[in-house]
Amino acid sequence: MTLLLSVTISSIVTATALGLLLWRDPKRRRAHRLPRAGSTRRQTQLLWLGAMAPGVILMIQGEGAAFVLWAAIAPMLAWTLTLSAPTQRTGKA
């Protein structure tokens, strides 16, 4: 698999898992006055596993350069997703 394709797929999987983690985070939902939809501990653990699994898979495949790129992109994705505010607000401002 080419380097660009490996990094792209890994980044998409990581971004999806991190987005789901942020969407289900009870503290974040309270801060933005969203209805409760907390996740169980097991769901949170599985989402974290899904977010970090691409890096492990890249290392197992011997894609060192792709792993380094993924390791640089993952925190940027997390910060970008964290800075975005939810669009649905319910409750009083």
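The basis for the numbers below is simple: all heavy atoms, side chains too, and nothing from hydrogens, waters or symmetry mates. Numbers for residues simply follow the sequence, beginning at 1.
Between Thr8 and Trp70, the closest side-chain pair of non-hydrogen atoms is not below 4.5 Å. Residues Leu3 and Leu69 have side chains in contact (heavy-atom distance under 4.5 Å, counting atoms from C-beta outward).
Between Ser11 and Leu77 the shortest heavy-atom distance is O-CD1, 3.6 Å. Ser6 and Ala66 get closest at one heavy-atom pair: CB-CB, 4.2 Å. The minimum heavy-atom distance between Ala15 and Leu81, with the atom names listed, is O-CD1, 3.6 Å. Scanning both residues, Pro54 and Val13, for their nearest heavy atoms gives CG-CG1, 3.7 Å.
Taken together through direct or relayed side-chain contacts under 4.5 Å among Ile, Leu, Val, Met, Phe, Trp and Tyr, Ile9 and Ile57 form parts of separate hydrophobic clusters. Hydrophobic clustering (ILVMFWY, side-chain heavy atoms < 4.5 Å, transitive): Met52 and Met59 are in one cluster. In the hydrophobic clustering of ILVMFWY residues, with side-chain heavy atoms under 4.5 Å counting as a link, Ile12 and Val68 come out apart.
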(request) Using the side chain to side chain contact (heavy atoms under 4.5 Å, CB included) rule, take Leu21 and Leu18 through it: C-alpha gap first, then chi angles, then the decisive distance, then the call. (result) CA-CA 5 Å; Leu21 274 167; Leu18 289 173; 4.2 Å; yes
